[in-house]
S.K.: 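Below you will find the structure I want to go over with you.
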Amino acid sequence: MKETRSLLNSVAVCAIALAMVSTLAAQPVNQGSAKVMRIKGDARYKVGSSEWQKLKVGDVVKPGTLIQTAAKSSVDFALSEGTAPVVRPTTSESLSYQPTAEQNLVRMWENTLMGVDKLTFTQTGADVVTETQLDLKAGHIFGSVKKLSAASKYEVKIPNGVAGIRGSTYDISAEGVVKVLVGMVVLSYVGPGGTVQTQVIMGLQEFDARTGVLSPLPDLDRQGMSRLARQLPAGFTPAPTPISADHTFKFVSPH
């Protein structure tokens, strides 16, 4: 009798799971986008094999775009699920966007090369399932990720692995240095000898994939990440600052 009841319970659980999967599959998948909130210095972008173009505040970046920041430059993005942020003028030479609290935010630091591979969202009725995939080829990024639904994914690829992020404030370098202020990051990477290894990095921890060392997040990094997490949603945009006398900017070769 107990075995029969257990079997029936298992069948019921499987039926519910299949129904959830079928419901999700039946919903239309919508394309999201990344809106440029703020630029300091200079940045450029390209789609596919097209020529590099100057990136400007207010530009909408879609999947398939490669973005690069110059020396002494940074770019802030709000990852959108179909809702446009409010544009607000500032006293600087450009405009900036004021993102909503529900949006995921990303800052690309200087000399960073990153591809936007995937940004999708699906309305399931009860929830929103999102899938975000960024490809960090060089440099490093800082991000703030809202609480995701159970079926959602947020991943940052690096040359040596991929980081899965859940409701986190993080900083990741292309070399595999991961810093987490709050939340959790799971890093899968190729270790010594070519073996794939997995490391969980919790809030207030730092991990270096080059050495395999997990350590407490240094106070200086904790303070800097906390300050940036508060400042990133703000609408102020500093005026672009040239880094050479002829007002040109220098980009590190992506190859």
Side-chain angles (χ1 to χ4, degrees), residues 31-81 85 96-97 99 103-121 130-146 153-165 168-180 185-190 201 209-210 225 228-229 232-233 237 240 249-255:
Q31 289 295 329
S33 59
K35 292 181 172 62
V36 180
M37 296 163 44
R38 183 186 298 105
I39 296 178
K40 177 183 178 182
D42 200 29
R44 60 183 185 176
Y45 74 98
K46 63 183 297 185
V47 181
S49 59
S50 64
E51 296 295 321
W52 287 102
Q53 300 182 57
K54 183 179 178 63
L55 189 69
K56 304 181 298 298
V57 171
D59 282 349
V60 176
V61 176
K62 296 182 179 180
T65 303
L66 188 63
I67 307 155
Q68 187 180 31
T69 55
K72 299 183 180 179
S73 301
S74 64
V75 176
D76 295 343
F77 296 96
L79 306 184
S80 174
E81 297 171 4
S96 73
Y97 282 104
Q103 287 179 292
N104 297 326
L105 306 174
V106 175
R107 167 167 290 186
M108 292 178 60
W109 295 101
E110 67 171 341
N111 296 327
T112 294
L113 183 67
M114 185 185 76
V116 179
D117 287 356
K118 194 169 189 178
L119 291 172
T120 64
F121 66 98
T130 63
E131 189 165 354
T132 301
Q133 191 173 81
L134 307 176
D135 186 1
L136 182 60
K137 300 176 182 295
H140 84 283
I141 61 175
F142 172 92
S144 177
V145 181
K146 67 180 183 180
K153 293 181 180 180
Y154 188 114
E155 296 178 339
V156 177
K157 293 193 295 183
I158 60 174
N160 197 35
V162 60
I165 298 165
S168 179
T169 300
Y170 68 88
D171 186 285
I172 297 179
S173 76
E175 291 76 25
V177 178
V178 181
K179 301 175 183 180
V180 180
V185 173
V186 180
L187 178 67
S188 294
Y189 65 101
V190 180
I201 306 103
R210 297 169 299 184
M225 292 177 70
L228 185 54
L232 197 58
T237 302
F249 293 86
K250 296 180 176 63
F251 288 93
V252 176
S253 172
H255 302 294

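The figures that follow rest on heavy atoms only: side chains count, while hydrogens, waters and symmetry mates do not.
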S.K.: Using the rule side-chain contact (heavy atoms from CB on, under 4.5 Å), only one of Val186, Ile165, Ile172 pairs with Val178; which is it?
M.R.: Ile172

S.K.: With respect to Phe77, which candidate in Ile67, Ile141, Val116, Leu105 satisfies the side-chain contact (heavy atoms from CB on, under 4.5 Å) definition?
M.R.: Ile67

S.K.: So, for Ser168 and Val185, which heavy atoms are closest and what is the spacing to 0.1 Å?
M.R.: OG-CG2, 4.0 Å

S.K.: Under a 4.5 Å cut-off applied to non-hydrogen side-chain atoms, are Tyr170 and Val106 in contact?
M.R.: yes

S.K.: Might you point out which heavy atoms bring Arg38 and Leu232 nearest each other, and give the distance in Å?
M.R.: NH2-O, 3.2 Å

S.K.: Using only atom types and a distance under 3.5 Å, with no angle test, would you say the side chain of Asn160 pairs donor to acceptor with the backbone of Val190?
M.R.: yes

S.K.: Where do Ser73 and Gly41 come nearest, in terms of heavy atoms and distance?
M.R.: OG-CA, 3.4 Å

S.K.: Please check: side-chain N/O of Thr112 versus main-chain N/O of Glu110, any donor-acceptor pairing under 3.5 Å?
M.R.: yes

S.K.: Looking at every heavy atom in both Pro63 and Asp117, which two are closest together, and how far apart are they?
M.R.: CB-O, 3.6 Å

S.K.: Could you tell me which residues satisfy salt bridge (Lys or Arg N to Asp or Glu O under 4.0 Å) with Lys56, sequence neighbours excluded, listed by chain and number?
M.R.: Asp59

S.K.: Does Asp42 come within less than 4.0 Å of Arg44, counting only side-chain N to carboxylate O?
M.R.: no

S.K.: Return yes when atom NZ of Lys153 has more than 12 non-hydrogen atoms of other residues, nucleotides or ligands closer than 6.0 Å, and no otherwise.
M.R.: no

S.K.: With a 4.5 Å heavy-atom cut-off, do Tyr154 and Val156 have their side chains touching?
M.R.: yes

S.K.: Test your reading of the model: is there a side-chain donor-acceptor pair from Thr120 to the backbone of Gln31, 3.5 Å cut-off?
M.R.: no

S.K.: Could I get the full list of salt bridge (Lys or Arg N to Asp or Glu O under 4.0 Å) partners for Asp171, not counting sequence neighbours?
M.R.: none

S.K.: Mind listing the closest non-hydrogen atom pair of Thr169 and Ser144 along with its distance?
M.R.: OG1-OG, 4.2 Å

S.K.: Of the non-hydrogen atoms in Ile39 and Leu55, which two are nearest, and what is the gap between them?
M.R.: CD1-O, 3.2 Å

S.K.: Check for a donor-acceptor pair, side chain of Asn104 on one end and backbone N or O of Lys146 on the other, with a separation under 3.5 Å.
M.R.: yes

